[in-house]
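Accompanying notes for the structure given below.
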Amino acid sequence: ARKQDFIARLILADMSGLTPNDTTQMHTAKIIFGNDKTPQDKFVYTDLSKEFPGYTYSNGKSMYRGIEVGEGGRVYAEPGMYSNVALLDVESMHPNSAIVLNVFGPYTKNFKELLDARIAIKHKDYDTAREMLGGILKNYLTNDGDSGALSYALKIVINIVYGLTSAKFENKFKDPRNKDNIVAKRGALFMIDLQHAVQEKGFTVAHIKTDSIKIPNATPEIIAFAMEFAKKYGYSFKHEATYDKMCLVNDAVYIARYSTVEKCEKLYGYVPGDIKDHPGEWTATGAQFAQPYVFKTLFSHESIGFEDLFETKSVTSALYLDMNENLGEEEHDYHFVGKTGAFCPIIEGKGGGLLCREKDGKYYAATGSKGYRWLEAEMVKSLGLEEFIDRGYYNSLVDDAVTDISKYGDFEWLVSDSPAPEEIEDSNPIGFDDVPPWNLPCGRFDCQGCPHWQNTHEENEKLICNAGYECLPF
C-alpha cells in the first residue's frame, strides 16, 4: 500500500476506535453508525416517482421522460464541433443525493458532517472543520500537510459509502429495499430534467457524463440558470472550465482547448478553476486523442520523445512476441513477455516480432498490433534502435484522428487560432437582451430576498410589489 493510504488508515482507526488492521468498510461503518449492528432498520427508502412523476422501475429497467436510465448515471452526447463550451460539474453528486434522500435515516447527519468537513478542509476553513465530528479532527489540522492526509482519509470514507449502498453483497450500508440504486438514479433523473430545461431555453446540450454537462455557446445567463436549477434539487454546480473549441466524437471521447483567463474575465467576471491552471491549453478525454504522439503532433505541438513512441499492452492471459521474421510461413518462435509490456513498432527487416496474446494454447494478434512488428521498448532503448521505430504506425493514428474529427467540421479551423464564430449574436437562441427571458420583468430570478417584496398590495387579484411588478406567489 502507498504511504498515503497507510496514513489514511491510521487516521480512520483514530476516528473509529478500531485497529489499523480493520478494513476501510469496518472503519466507515463504525464512524457513521457507531455500535448499531443493524442500522438498516432505520434507513429511509424513497420512491423516486414521487419526486420525478412518470418515472418507472420494472424488471431491472428504469424509464423517465421516454429515456431508459442506466445504472451508472446519465450519459448523453450530440457529437459535433462546438465553441464556447461551458463545462459545469455537480459537486459531490452521489454523496449529496444520499443526503437529500436521507438514505441512512438518523445516521445521515453523520455522513453529511463527514462531507462538510472535507469541503471545509478543501477550502482551508480549518476552524470550522476542527469543531466537526465532536472535535476529533483537530489533531490532524495543525498544518497544510496534515490537512491533506485528513482530506484524503475522508475522501476514502465518502467514496466507499456510495459503492456499498449499491453493492451486490450484504453490508451495513445496503438497504434491502433499494433494488433501484436510488442514490445514483436520482442524480441521473436530475440531469435528464436539466437537459430538457436547457434545451427548452434554445441551447444545445452537447454532452452529459454522470455529474457534468457541456453547453456550447454558453452565456452567463444560461450558466446562472443551470446553477439555480441545480439548487432546487439540492445540488451545487461548479463552473469547471470553458472550452474555446471542442470536438466531441462520441459519449466518451473528445478533444478541446481551454479558453483564456482574459476571455473568461471579460465574459463572466471570474475565471473557472481549470482555466487558471491550463489557460489556452488542449485537453483530451478518451484514448484516441490522448495518445501522446497524436496529442503532441496535432494539438500541443510539443516535441516527440522516446516516451511517446511505445505502446503499453495488457492482457489477462499472456503476451508473446513471435520472432518469425526470418522463418517459414508456418514457423513460429514465441518469446514470453508477461501479462503487461511496453512495445515499440519496428520497421520490417529489423528483428521485430508479431505481438500476440495467448489463450487456451492458441495465439492471436494483440489488440491494436496487427499489421506491424514490435520489440519491447526497454530493448529498443538499451540497444539504441530508436531509428528503426516505425513512424508509419503513429502517422496512421494521426490520420485516423484527423479523419474522425473532420466528420464533424473543419479540422483546420479547430486547431487554428481563428476565433469562434459569433453564433450567439447570429442566432440569438432565446432572445437574450438585458433581461434573460426566464427572469421576472423586473430582472430578478425570483422575489425572495427582494426589498420591494416586503411591501405588497393586491390589484385585480394580483400581488403587486411597491416597485410596480407582479410578484410570485409563495
Can we say K238 and D89 salt-bridge, meaning some charged N sits less than 4.0 Å from an Asp/Glu carboxylate O? no
For the pair T242 and Y268, evaluate side chain to side chain donor-acceptor pair (under 3.5 Å) and give the outcome as yes or no after the intermediate values. CA-CA 11 Å; T242 290; Y268 313 121; 2.7 Å; yes
Report yes or no: do Y140 and S147 form a side-chain donor-acceptor pair below 3.5 Å? no
Are the side chain of R118 and the backbone of L154 linked by a donor-acceptor contact shorter than 3.5 Å? no
When you compare the side chains of T210 and R74, does any donor N or O come within less than 3.5 Å of an acceptor on the partner? no
Taking CE in M379 as the centre, count heavy atoms belonging to other residues, nucleotides or ligands within less than 6.0 Å. Is the count above 12? no
After noting the C-alpha distance and the side-chain angles of L355 and K313, does the key distance pass the side-chain contact (heavy atoms from CB on, under 4.5 Å) rule? CA-CA 10 Å; L355 185 56; K313 303 290 184 182; 3.8 Å; yes
If every non-hydrogen atom of I121 is compared with every non-hydrogen atom of A129, which pair is closest and at what distance? CG1-CB, 3.9 Å
Would you kindly say whether Y258 and D277 are connected by a side-chain donor-acceptor distance under 3.5 Å? no
Looking at every heavy atom in both V415 and L298, which two are closest together, and how far apart are they? CG1-O, 3.9 Å
Report yes if the side chains of K263 and D244 come closer than 4.5 Å at any heavy-atom pair, otherwise no. yes
For S62 and K185, what are the C-alpha separation, side-chain angles and deciding distance, and is it a side chain to side chain donor-acceptor pair (under 3.5 Å)? CA-CA 9 Å; S62 299; K185 201 63 61 68; 2.7 Å; yes
Side-chain (S416) to main-chain (S418) donor-acceptor, under 3.5 angstrom: yes
salt_bridge(D390, R373) N-O dist < 4.0 Å: no
Which atoms form the tightest heavy-atom contact between L375 and M323, and what is the distance? CD2-CE, 3.8 Å
Do you know which two heavy atoms are closest between I156 and A8, and how far apart they sit? CD1-CB, 3.8 Å
The reported gap from OG1 in T219 to CG in N84 (rounded to nearest 0.5 angstrom) is 8.5 Å
Sequence neighbours left out, what passes side-chain contact (heavy atoms from CB on, under 4.5 Å) with A167? Give chain and number order. F169, N171
For A98 and F111, which heavy atoms make the closest approach, and how far apart are they? CB-CE2, 4.1 Å
How far apart are the closest heavy atoms of T340 and V337, and which atoms are they? O-CG1, 4.3 Å
Ionic contact status for D116 with K112, cut-off 4.0 Å: yes
Quick test of your reading of the model: are E228 and K231 salt-bridged, counting only N-O distances below 4.0 Å? yes
Backbone N or O of L327 within a donor-acceptor pair of the N324 side chain at under 3.5 Å? no
Where do T23 and Q25 land on the side chain to side chain donor-acceptor pair (under 3.5 Å) test, with the steps shown first? CA-CA 5 Å; T23 66; Q25 180 181 331; 5.5 Å; no
Run the ring-centre check on Y334 versus Y363 and record whether the distance is less than 6.0 Å. yes
Checking Y394 against D308: is there a side-chain donor and acceptor pair closer than 3.5 Å? no
Could you list the donor-acceptor pairs under 3.5 angstrom formed between side-chain atoms of residues 395-405 and any protein atom two or more places apart in sequence or on another chain?
residue	atom	partner	partner atom	Å
N395	OD1	Y293	OH	3.2
N395	ND2	R391	O	3.3
S396	OG	Y393	O	2.5
T403	OG1	D399	O	2.9
D404	OD1	K407	NZ	3.3
D404	OD2	Q288	NE2	2.7

Taking E200 for the side chain and A197 for the main chain, is one N or O donor matched with an acceptor at less than 3.5 Å? no
Is the side chain of H27 donor-acceptor paired with the backbone N or O of D22 at a distance under 3.5 Å, no angle test? yes
side-chain contact (heavy atoms from CB on, under 4.5 Å), that's the test. Do T165 and F104 meet it? Break it down for me. CA-CA 10 Å; T165 64; F104 304 127; 3.8 Å; yes
Run the side-chain contact (heavy atoms from CB on, under 4.5 Å) test against N96 and tell me which residues pass, sequence neighbours left out. S92, I99, L115, Y235
Is a salt bridge present between K350 and E325, judged by a nitrogen-to-oxygen distance below 4.0 Å? no
Kindly determine whether C264 and Y270 satisfy side-chain contact (heavy atoms from CB on, under 4.5 Å), including the steps that lead there. CA-CA 6 Å; C264 290; Y270 62 88; over 6 Å; no
Looking at Q199, I want to see if its CD is surrounded by more than 12 non-hydrogen atoms of other residues, nucleotides or ligands under 6.0 Å. yes
Test: ring-ring contact (aromatic ring centres under 6.0 Å, His included). Region: residues 64-83. Which pairs qualify, not counting sequence neighbours? F52-Y64
Quick one: does T297's side chain have a donor or acceptor within less than 3.5 Å of a partner on V294's backbone? no
Counting N and O atoms only, with roles assigned by atom type, does the side chain of H239 sit under 3.5 Å from a partner on the main chain of A241, one being a donor and the other an acceptor? yes
For side-chain contact (heavy atoms from CB on, under 4.5 Å), just list the numbers for M81 and F411, CA-CA rounded to whole Å, side-chain angles, deciding distance to a tenth of an Å, and then say yes or no. CA-CA 9 Å; M81 197 173 288; F411 172 81; 5.6 Å; no
Other residues, nucleotides and ligands only: do more than 12 of their heavy atoms fall within 6.0 Å of NZ on K174? yes
D417: which residues meet the salt bridge (Lys or Arg N to Asp or Glu O under 4.0 Å) condition with it, sequence neighbours left out? R257
Hey, would you say the W374 and F343 ring centroids sit under 6.0 Å apart? no
Supply the atom-to-atom distance L141 CG to Y126 OH, rounded to the nearest 0.5 angstrom. 7.5 Å
Given 3.5 Å as the limit, does a donor-acceptor pair link the side chain of N110 with the main chain of I32, or not? yes
Report yes or no: is the cationic atom of K245 (NZ for Lys, CZ for Arg) closer than 6.0 Å to the six-membered ring centre of W282, at no more than 45° off its axis? no
Step by step, would you call F289 with Y254 a ring pair (Phe, Tyr, Trp, His ring centres under 6.0 Å)? CA-CA 7 Å; F289 303 132; Y254 67 89; 9.0 Å; no
With sequence neighbours excluded, residues passing salt bridge (Lys or Arg N to Asp or Glu O under 4.0 Å) with D127: R130
Are Y55 and D180 close enough, and set up right, to give a side chain to side chain donor-acceptor pair (under 3.5 Å), and what steps lead you there? CA-CA 12 Å; Y55 170 71; D180 192 13; 2.6 Å; yes
Looking at Y243, does the NZ or CZ of K214 lie under 6.0 angstrom from its six-membered ring centre and within 45 degrees of the ring axis? no
